[in-house]
Peer 1: 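Below you will find the structure I want to go over with you.
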There are 2 protein chains.
Amino acid sequence: MIGMTVATLPTSRRSASPRRRAPQIIEATAMVFAERGFHGATTQDIADVLGIRQASLYYYFSSKEAALELVCLRGVEGFFETGNAIAARPESAQKRLSLLISSHLSPMLDRGNFVKVFLNERQHLPAESRRRIGRWSRGLERIFEQVIEEGVAAGEFRAGLDARLVTLAVLGMCNAASSWYLKENKGVPAIAAEFSNLVIDGLAIRPAKRRPSRR
Amino acid sequence: MIGMTVATLPTSRRSASPRRRAPQIIEATAMVFAERGFHGATTQDIADVLGIRQASLYYYFSSKEAALELVCLRGVEGFFETGNAIAARPESAQKRLSLLISSHLSPMLDRGNFVKVFLNERQHLPAESRRRIGRWSRGLERIFEQVIEEGVAAGEFRAGLDARLVTLAVLGMCNAASSWYLKENKGVPAIAAEFSNLVIDGLAIRPAKRRPSRR
DNA sequence: GACTTATTCTATAGGTCGATAGATAGAATT
DNA sequence: AATTCTATCTATCGACCTATAGAATAAGTC
């Protein structure tokens, strides 16, 4: 039931062009980890998806934990950098927050399994890499937090709101998408738009729609 | 590093009053599962927390999976019922949604580990109980969805919003709390208030605060 | 004080899983 | 044609983990 995306690729012992196997191995690993969780998945499961023997995997990674680290790395890469770039733009906090939400959701499309594994399984990384990856996570949180605080300072956002809690709310909302975006039939742009509207304007009807002017 | 909450309770072989051990065993189980995940946790880990032998646990549950089911059950119980009760109240959709958010967050206080295990580990339940528990989950989603749709119909909420996406957003936001509410030093009421404000009114400043009148 | 019940113990079977070692065979390179 | 590289195989070891069987022990009850 697992091998539906990657499927048993090589029928004979040698078929794929050389030097092109590593990406497939990590892709299959991400898929299996995403589906069963790190400890719930066996290296045999991964090998089954690829149609090779369990021991052959160790040509590509030195341990199961190392494989998890590879997957997690591809799950976070880019988030921090693009987030930083967006936060530094000379636009309103509203606009930047919308962009942050959108860019946070977009990797679900092409790297959904990697993101999912990062979010759910990073706790099982060996201590060292967990700390390293955790630093990036906290960095991203701080980006959101700062944009929100700037929005308050600029008079765009409600005064008195708890920027930390709002950050956790927004990230929780976005990250949850990794667990349902495959089942629900919604495009990433539609999700991003709905989430932005929710966060910026809320559900309640506005007495008079007014574009906020920065002061 | 695990036994910090429950800690090694009985120093001698016999100490607790009889017929009172089962709640402690399931509590310890929830704690260990919450910390390491179902497959990452061993029955030995649970026994260590309780200060008993690994095999002794099987006096309380017939299998590790059965233990997971016990924990998950206590993780969901009440959610659906209280949700239904709130949705049926004769109040505005705004008020009911706020109450739903609040009641969804409150179990974090006393049953945080159970909720966390339910959210993260229910996928590892045997097929039958997973389906049964999944039904309750979907029921709760429908409650949120319906209140939101009623809010739109009543003119309280923006027309054209995607009630399904908003539901997933709100639940994702609330459920994420299970992973950080211990580290962050925020009370449940404060979280509920901030989340309600965010969902109902959004972050942006309102031109004129007006209590919505139902029509 | 004998009996019952709740709880924990010892000992171990049986299975699974990660990982290592060394062999093998096409493909690419020279 | 010889050599090197990439990728996979076979075979297996040792560790760990769940679960069972049956004995032992203490507390409460009659």
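A, B, ... follow the sequence lines: proteins, then strands. Residue 1 opens every chain. What you see is a predicted model; the values in this text were computed from it and never measured.
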Peer 1: How many whole angstroms separate atom CD of Gln44(B) from atom C1' of dC9(C)?
Peer 2: 13 Å
Peer 1: Kindly write out the residues that satisfy salt bridge (charged side-chain N to carboxylate O under 4.0 Å, His left out) with Arg130(A), not counting sequence neighbours, or none if the list is empty.
Peer 2: none
Peer 1: side-chain hydrogen bond (donor to acceptor under 3.5 Å, both in side chains) with Ser179(B): which residues, sequence neighbours excluded?
Peer 2: none
Peer 1: Between atom CD1 in Ile26(B) and atom P in dT7(C), what is the gap in whole Å?
Peer 2: 14 Å
Peer 1: Picking from Phe79(A), Phe195(A), Phe80(A), what satisfies ring-ring contact (aromatic ring centres under 6.0 Å, His included) with His104(A)?
Peer 2: Phe79(A)
Peer 1: Could you give the distance from CZ (Phe144(A)) to CG (Leu97(A)), rounded to the nearest 0.5 Å?
Peer 2: 7.0 Å
Peer 1: Can you build the contact string for nucleotides 10-15 of chain D? Use B for base contact, S for sugar-phosphate-only contact, and - for no protein heavy atom under 4.0 Å.
Peer 2: BB----
Peer 1: Check side-chain hydrogen bond (donor to acceptor under 3.5 Å, both in side chains) between Gln123(A) and all other residues, then give those that pass, not counting sequence neighbours.
Peer 2: none
Peer 1: Between Asp48(B) (CG) and dT18(D) (P), how many Å, whole number?
Peer 2: 12 Å
Peer 1: Can you identify which nucleotide, out of dT18(D), dC9(C), dA19(C), has its nearest atom closest to the Tyr58(B) side chain?
Peer 2: dT18(D)
Peer 1: When we call it a touch if two heavy atoms are under 4.0 Å apart, what does Ala66(A) touch: a base, just sugar-phosphate, or nothing?
Peer 2: nothing
Peer 1: Name the closest nucleotide to the Tyr59(B) side chain, picking from dA19(D), dT6(D), dT8(C).
Peer 2: dT8(C)
Peer 1: What integer distance in Å separates Phe61(B):CZ from dA6(C):P?
Peer 2: 18 Å
Peer 1: From CD1 of Ile52(B) over to C1' of dA19(D), roughly how many Å is that when rounded to an integer?
Peer 2: 15 Å
Peer 1: Arg135(A): which residues meet the side-chain hydrogen bond (donor to acceptor under 3.5 Å, both in side chains) condition with it, sequence neighbours left out?
Peer 2: none
Peer 1: What is the distance, rounded to the nearest whole Å, between atom CZ of Arg36(A) and atom P of dG18(C)?
Peer 2: 12 Å
Peer 1: Kindly state each residue pair satisfying ring pair (Phe, Tyr, Trp, His ring centres under 6.0 Å) with at least one member in residues 162-185 of chain A, sequence neighbours excluded.
Peer 2: none
Peer 1: Specify the separation, in whole Å, of atom OH of Tyr60(B) and atom C1' of dT8(C).
Peer 2: 8 Å
Peer 1: Give the nucleotide from the list dC9(C), dA7(D), dA19(D) with an atom nearest to the side chain of Arg21(A).
Peer 2: dA7(D)
Peer 1: Which part of the nucleic acid, if any, lies within reach of Ala41(A) when heavy atoms closer than 4.0 Å are counted: base, sugar-phosphate only, or nothing?
Peer 2: sugar-phosphate
Peer 1: Using whole Å, report how far CG of Leu57(B) lies from P of dA19(D).
Peer 2: 11 Å
